[in-house]
Amino acid sequence: MSEYVGAIDQGTTSTRFMVFDHAGAEVGRHQLEHEQILPQAGWVEHDAAEVWARTQDVVRGGLEAAGITAADLAAVGITNQRETTVVWDRRTGEPYGNAIVWQDTRTDGIVKQLERDGHGDLIRQRTGLPPAAYFAGGKLKWILDNVDGVRADAEAGHALFGTMDTWVIWNLTGEHLTDVTNASRTMLMDLETLDWDDELLGLFGVPRQMLPEIRSSSEVYGNTRADGPFGAEVPVAGDLGDQHAALVGQACFDAGGLKNTYGTGNFLVLNTGTEIVRSQNGLITTVAYRLGDQPAAYALEGSIAVTGSAIQWLRDQLGIIDDAAESETLAASVDDTGGVAFVPAFSGLFAPYWRSDARGAIVGLSRFNTKAHLARAALEAICHQSADVVEAMVADAGLTLPELKVDGGVTLNSLCMQIQADVLGVPVVRPQVAETTALGAAYAAGLAVGVWSGTDELVENWAEGARWEPATDAEQRKTARAQWAKAVERTLDWVS
Ligand code: G3P
């Protein structure tokens with residue numbers, strides 16, 4: 001059997017296809033961005049047809065970069081930006097409108113109303129999620145209520161709902177399904193039964209027939225169509241939300257395993273084993289993964305909406321850097337932020353605050369400050385937001401953190417990783433393969449078809465690539481954390 005496994009990572013800003021070998025090493029990749037559609041304040045959309053077009057392009061380009069054909073692939077795994085919601089017509093394959101992206105806050109009113117009507121505790125208990133605009137259920141309700149014809153078509157069985165994994169798999173194979181990790185982000189799935197919950201479907205007014213079948217994260221779902229981008233039939237055998245895939249890619253299979261992925265946002269996921277741990281400190285309870293017919297593993301997650309996208313904002317909206325890498329050189333040109341703190345609460349604040357009324361703030365400015373201070377404050381914000389979540393996890397799970405495993409694009413910014421170690425007071429460690437999201441999807445697919453015999457082999461593949469040791473004392477950390485907390489205070493109650 002071929003030992004190459006492919007992975008499609010359909011992310012928030014781009015889609016990539018990567019090929020890995022048995023050692024978990026990268027063989028080739030291709031990546032393309034898609035448009036961020038921002039029709040009004042708080043709204044973020046993607047054109048799902050464009051995303052599918054980019055997906056096809058990156059598959060073809062990635063196979064070429066790897067110097068292989070689809071016949072060399074044992075399987076393909078899918079991983080995706082989670083919660084982003086699309087509804088399409090099964091008869092034509094056409095979406096009814098743009099996908100509503102996870103960062104979009106238009107459904108804030110819907111979830112607030114559910115809370116006011118006294119349904120908040122039911123949602124929290126059954127799904128592990130606080131009612132928030134972030135999750136897919138409210139977005140689906142918005143589409144059903146606001147887009148012409150969708151509700152009637154859903155009731156007639158023509159309209160299909162999906163997160164981006166479902167959309168990609170449907171286009172690749174014709175199957176309408178999702179996995180437990182993606183379903184656990186909808187506010188519609190019962191965390192214990194791992195099935196759609198009729199009471200929740202009633203609350204959100206969602207016809208069950210438009211929902212995909214919920215499957216494990218690692219099994220053969222179907223074959224790619226020979227007339228699709230692979231040009232051959234390849235088993236699609238892995239499906240995980242990107243943060244869950246990164247946990248698998250980091251080989252965090254034991255309870256207590258923790259990783260922090262620095263992408264558009266930051267997502268810390270702590271494996272809690274087969275136990276469902278309810279957070280007392282603003283974290284989400286979610287499904288970590290389910291490998292075939294093994295019991296599901298659960299996780300506590302701290303989701304932070306804006307981290308890498310704060311750097312993009314410096315580049316695209318403020319124009320103070322030309323590319324993301326320049327954020328490091330510019331920030332390194334000063335020793336500190338010159339008293340400035342930047343809280344990029346562009347989508348409100350997610351974990352551990354869950355304040356949709358928050359908006360971004362830059363505080364502590366004086367005439368002395370330059371763009372270099374602002375760049376450094378952006379890096380510090382990334383690290384302090386992660387520290388807020390780590391502190392909540394320590395409190396919830398009673399763990400002592402020996403070190404923090406990291407991955408994702410921002411980990412290439414060495415200054416940022418040094419600041420992270422300094423803020424937390426523990427070493428920060430990046431594996432040799434920093435693309436753990438795609439790797440985790442490939443692992444899930446490869447496990448299903450026998451490329452890897454079990455998770456022990458994946459743990460053996462993990463190798464340290466870089467390490468940053470803290471260079472601060474407890475007093476410095478305390479002062480920095482207090483300053484950050486003060487800045488966060490300033491962002492609250494900004495919108496009603
Ligand atoms: O929950 C949203 C998350 O899955 C998005 O991840 O890497 O596309 O920012 P990313």
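Hydrogens, waters and symmetry mates are skipped; everything else that's a heavy atom, side chains included, is used. All ligand and atom numbering here is 1-based and tracks the order in the structure. Along the sequence shown, the residues carry numbers beginning at 1.
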What is the distance from atom CD1 of I214 to atom CZ of R290, rounded to the nearest 0.5 Å?
->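 That separation rounds to 11.0 Å.
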
Report yes if the distance between the aromatic ring centroids of [X] and [Y] is under 6.0 Å, otherwise no.
X    : Y    : answer
F17  : F230 : yes
F342 : W313 : yes
W88  : H176 : yes

Tell me, please, whether W142 has R106 positioned over its six-membered ring: NZ or CZ under 6.0 Å from the ring centre and within 45 degrees of its axis?
->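 Positive - R106 is close enough to the ring of W142 and near enough to its axis.
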
Please work out which of the three classes, parallel, tilted or perpendicular, describes the rings of W354 and F350, given edges at 30° and 60°.
->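 Parallel, since the angle between the ring planes stays under 30°.
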
Tell me, which residues have any heavy atom less than 4.0 Å from some atom of ligand 1?
->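 Within 4.0 Å of ligand 1, the protein residues are G11, T12, Q81, R82, E83, W102, Y134, D242, Q243, T264, G265, F267.
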
